[in-house]
Every structure is written in C-alpha cells, then in structure tokens.
Amino acid sequence: MHTTPLYRQLANHYLDAIRSGTLKTGERFPSIRLMMEKHAVSLSTAVQVCRELEDYGVLEARPRSGNYIRQPDTLPKPITPPPLDTGVYVGIHEQVSSVLKASQRATIKVNFASAYCASELYPLKILQDHMIKALRQDQHLLGAPGTPCGNIALRSTLARRALTAKTNLAPERIVITNGATEAINLALRAVTQPGDTVAVESPTFYGLLQILESLNLRVLEVPATADAGINLFALEQALQRPERIRALIVIPNLQNPLGSIMPEAHKARLVQLCAEHDTVLIEDDTYGDLVDTEQPLSTLKHWDRTDNVIYCASLNKTLAPGMRLGWISAGKWHDRVEMLKHTQSRGCEALSQLAVSAFMKTPSYERYLRRLRTTLTQQRRHMSAAITRYFPAGTRVTHPQGGTLLWVELPVHYSSMALFHEALKVGIQISPGDIFSNGKRFHHFVRIGCGAPYSPKIDEALATLGQLLKKQG
Ligand SMILES: Cc1ncc(COP(=O)(O)O)c(C=O)c1O
C-alpha cells in the first residue's frame with residue numbers, strides 16, 4: 001500500500017516534470033478543474049497539490065490568470081533569497097573570527113550582535129535558589145564527578161517536555177552537553193569523516209559554519225527563505241548530484257538568522273527526503289521554545305520513522321546562558337555519541353543540571369517561558385518600527401514569529417561589513433551578513449538582536465546606524 005498521501009504523490013509527479021524540463025518556467029500550470037479530470041481526484045486534493053507546489057516555490061498564482069511555473073530561486077518576498085548555490089565550500093572561519101575579534105577589541109555600548117536575551121529576562125534568582133537547595137541536599141555534590149550522559153532527572157524532564165512538541169526522546173538516549181555547540185559537534189563527529197560534504201541552509205548561523213570548517217568538512221549551502229526555511233526543491237536537486245551529501249543541518253523552528261519556521265508538511269517531506277537519500281538529518285532546535293505559540297510546534301524528530309534524525313537543543317537562549325546546558329538525542333548513533341562525549345569532555349557538571357531540572361518540573365517554568373515570549377514580541381516590534389524609521393528607503397525586515405533576531409536587508413549597494421566597522425568605532429555591535437555564508441550574497445544584510453528591553457539608548461543606537469548608512473548611500 002502507498003503510504004504517501006495522494007496529493008503529495010501528484011505534487012511529486014509534477015515536480016519531476018518541472019525538474020526534467022517537461023514543464024518549463026513561465027508555462028501555465030494545469031487548472032484545478034483539469035487536474036480533477038485528468039487524475040480523477042477531488043477538488044480538495046487538486047487544491048492541495050497546488051499549495052504543495054507553491055510551498056516548494058515552483059508555482060505562482062497570477063490573479064485571474066491561473067497558476068504558472070516559476071524557478072524556486074526567484075521568490076520575491078519578503079527578503080530576496082540567494083540563488084541556488086551548487087558547491088561552495090567553507091573557508092569562513094577566519095572571516096568570522098576577524099569579525100568576532102574586532103568586536104572583542106572595541107568598547108561596546110550597545111550590542112545588537114547577540115542572540116541572547118538580556119540577563120534580567122532570565123529567572124536567575126529562582127535558579128540560584130534551586131542551586132542552594134541542591135547543595136544543601138547533597139553536600140558532596142561538588143566532590144563527585146558528573147555522570148557520563150548527564151543527570152537522569154534532567155534527562156527525564158527534557159524527555160517529558162519533548163512530548164509537548166510531539167517528540168519522543170527516551171531519557172536513557174539523551175546526552176547532556178555543553179550547549180548546542182557541543183551537541184552539533186558530537187553529531188557531526190559521529191556520522192562524518194573529514195572531507196565529507198554537509199549541507200546547510202543559506203544563510204545560516206555562522207557558528208555552524210565554523211564547526212564544519214573545524215572538522216574539515218565541506219559545506220554545501222542550500223537556499224532558504226524567511227517564509228519557509230530551506231528550499232526543498234533546491235535540496236532535492238542537490239541530493240541528486242553525484243557528490244554524496246552525508247548530513248544536513250537544519251534549524252526548523254526560528255532559523256538563525258532568517259527567523260523562518262518550516263511548515264509542518266515541509267518538515268515531514270524533509271525527513272522523508274533525507275531518509276531516502278541516506279543523508280543524516282541533524283536538527284538544531286535551539287530556539288523552538290521561543291516560538292510564539294501556546295502549543296509547541298513539532299520537531300523534525302517527530303516525523304522521523306527511520307531513526308535518521310539527530311536532535312540537538314539547548315537552554316542557553318531560553319533559560320540560562322551561563323549554565324551552558326544543551327542536549328542531544330542521537331537515535332541509532334547514541335552509543336557512538338556517548339563514547340565521543342566521554343572522550344571529548346566527560347560528563348557535564350551536576351549542580352546546574354539539578355537546579356534546572358527542579359525548576360523545569362514546576363508550573364512556573366511554562367509561565368516564565370510565556371512571559372519571555374510576550375516580552376520578546378514587544379521588543380521585536382519596537383526594534384522593527386525603529387529600523388523602519390531610521391534605515392534607508394528600500395530596507396526590508398523579517399517578521400519572525402518569535403525569538404530575538406531580525407534579519408534586515410538593505411538596498412543592494414550598501415555594505416554591512418562597512419557598517420559593522422563604522423558602528424564599532426562608536427560602540428555599537430552588529431552582525432554583518434557576510435558571516436552567515438561562505439559566499440558574498442549577504443553583503444547587504446544585517447542581523448539585529450532584539451534581546452534587550454527597548455530603551456532610549458537602543459533607539460539612539462538604531463538612529464546612529466541609520467545615519468552611518470546615510471553616509472554610505
Ligand atoms: C542556531 C544556533 N545553533 C546553535 C547555537 C549555539 O548554541 P549554544 O550556545 O547552546 O552552544 C546558536 C547560538 O547562537 C544558534 O543560534
């Protein structure tokens with residue numbers, strides 16, 4: 001029996017026709033009525049086929065005229081996406097390091113480069129109280145080495161919370177790590193050899209590009225948009241090339257820097273595609289808890305039927321950056337990850353794990369997250385309005401459904417790297433677009449962090465950025 005829904009079978013059929021050139025860019029797509037007749041399907045199936053193809057970016061509805069085939073790399077909104085990049089390999093570490101080092105040398109008054117929330121937004125007092133309680137309960141705590149995979153109470157708490165995102169992670173198959181950074185390092189070390197190719201979204205978090213380069217991996221950048229994340233059509237094309245893509249790293253919920261959220265159907269399709277091509281899917285869920293919804297969105301792991309998804313997450317953005325707690329659920333690679341974690345850094349320290357686990361079990365944790373999300377929504381709104389006020393005409397900005405990041409596109413003749421250097425001179429730090437890719441496509445993009453409460457100082461700093469841009473214009 002066919003397990004793929006009929007609408008997706010038909011969508012795949014048309015995708016093949018577009019890929020092979022049978023249906024060409026600019027050509028009219030069969031009408032809903034014709035599809036119903038030709039394939040003997042219902043109205044809703046025919047409509048779903050068109051939606052699926054629209055989501056893929058290969059179909060464009062023109063008012064009163066019908067649907068037309070288009071290239072997925074020419075989507076106009078809300079941010080100009082990059083063209084399909086067919087084989088850019090990383091050499092980015094130096095570029096990112098030079099940006100980070102220049103920032104460290106400067107005296108920073110306003111930091112728009114951070115993806116963290118301001119420290120006053122984290123529940124520090126509550127966590128400190130839980131730490132004191134844990135130390136009182138076990139006075140030998142600091143004298144004992146951490147357990148290899150991490151504290152079992154925390155692992156059970158994380159597994160129970162994952163259920164709300166429809167994700168089943170067995171506590172004994174979770175390893176607590178030093179943030180998502182260590183989790184992703186472990187995932188890549190478990191499944192790749194130096195020289196292997198790993199695909200990433202483009203643009204993507206520069207830290208991922210640094211990890212890939214440090215492990216001597218080659219990187220293939222696949223275009224992603226603020227609307228829906230990674231472009232599945234472009235990915236399918238990449239997967240069909242002779243060069244094997246060993247793994248793909250994706251940030252499905254609140255991608256950094258795009259803020260995109262993958263539609264649920266895309267998540268399912270992505271998991272299926274990777275399984276079909278024997279490409280390990282590494283899911284980075286660093287920001288999932290910051291999505292503005294009461295019900296957490298599903299993860300890629302939720303759709304995983306073949307144990308091909310390695311789930312990585314972190315509490316560093318949502319709860320306590322100073323504790324550096326993350327975790328990995330590596331499916332069939334669990335034993336190898338456990339061994340690598342042991343050889344790399346042994347178990348994480350116990351005190352923060354106990355404190356976090358105690359807090360996460362209480363109802364105040366959900367209340368805290370809800371408050372944080374509301375605060376961040378207000379901060380993003382203020383920042384977005386100020387960017388509209390102060391930045392040059394033609395600037396575009398994303399409207400993510402959560403998180404701390406805005407991705408700003410300046411008119412193409414502006415240089416965000418020049419802005420970065422000029423802004424540092426007056427104590428303002430930004431993230432220039434160039435560090436989010438190995439190519440030069442994002443030279444006119446800037447990532448702006450909205451983690452701090454809006455204030456006259458922040459407003460003034462954004463006005464200063466606007467004035468610096470005027471000088472470039
Ligand atoms: C998408 C993404 N993944 C991973 C990380 C690193 O996370 P951690 O601080 O938990 O190591 C970050 C940090 O900014 C991030 O944005």
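When a ligand or atom number is given, it counts from 1 through the structure's own listing order.
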Can you tell which of T299, D285, D304 makes a side-chain hydrogen bond (donor to acceptor under 3.5 Å, both in side chains) with T167? T299
How close does the nearest protein non-hydrogen atom get to atom 5 (C) of ligand 1, and which residue and atom is it? F205 CE2, 3.4 Å
At a non-hydrogen distance cut-off of under 4.0 Å, which region of Q255 contacts ligand 1 (side chain, backbone, both, or neither)? neither
On the 0 to 90° scale, with breaks at 30° and 60°, tag the Y365-F359 ring pair as parallel, tilted or perpendicular. perpendicular
Can you tell which part of E182 has a heavy atom less than 4.0 Å from ligand 1: side chain, backbone, both or neither? neither
Salt bridge or not between D459 and R389? Use side-chain N to carboxylate O under 4.0 Å. yes
Got K267 and Q272 here, is their nearest side-chain heavy-atom distance under 4.5 Å? no
Please write down residue, atom name and distance for the protein heavy atom closest to atom 14 (O) of ligand 1. K317 NZ, 3.0 Å
For ligand 1, which atoms, with element, lie under 4.0 Å from some heavy atom of G179? 10 (O), 11 (O)
Check whether any side-chain heavy atom of E182 sits under 4.5 Å from a side-chain heavy atom of K341, and report yes or no. yes
Do T181 and R324 make a side-chain contact, defined as non-hydrogen atoms from C-beta onward lying under 4.5 Å apart? yes
Considering distance alone, does some N or O of N178 sit under 3.5 Å from an N or O of ligand 1? no
Could you tell me whether L208 and ligand 1 have an N or O pair separated by under 3.5 Å? no
Can you sort out which atoms of ligand 1 are near T286, meaning under 4.0 Å from one of its heavy atoms? 2 (C), 3 (N), 4 (C)
Starting from atom 2 (C) of ligand 1, which protein heavy atom do you reach first, and at what distance in Å? D284 OD2, 3.3 Å
Around atom 7 (O) of ligand 1, find the nearest protein heavy atom and jot down its residue, atom name and distance. A180 CB, 3.6 Å
Considering heavy atoms of the protein only, find what lies nearest to atom 6 (C) of ligand 1 and give residue, atom and distance to 0.1 Å. T181 OG1, 3.4 Å
Look at the side chain of S384 and the backbone N and O of H382, then say whether any donor-acceptor pair between them is shorter than 3.5 Å. no
Show me which atoms of ligand 1 lie under 4.0 Å from any heavy atom of N256. 1 (C), 15 (C), 16 (O)
Count the heavy atoms of every other residue, nucleotide or ligand shown that sit under 6.0 Å from CD of Q401, and state whether that count exceeds 12. no
Of all heavy-atom pairs linking M323 and A355, the shortest is CE-CB, 4.4 Å
Check ligand 1 against Y287 and write out every atom of the ligand that is under 4.0 Å from a heavy-atom position of the residue. 1 (C), 14 (O), 15 (C), 16 (O)
Please could you name the atoms of ligand 1 that R324 approaches to less than 4.0 Å, counting only its heavy atoms? 8 (P), 9 (O), 11 (O)
Which of the atoms of ligand 1 are close to I251, meaning less than 4.0 Å from one of its heavy atoms? 1 (C)
Run the ring-centre check on F436 versus F442 and record whether the distance is less than 6.0 Å. no
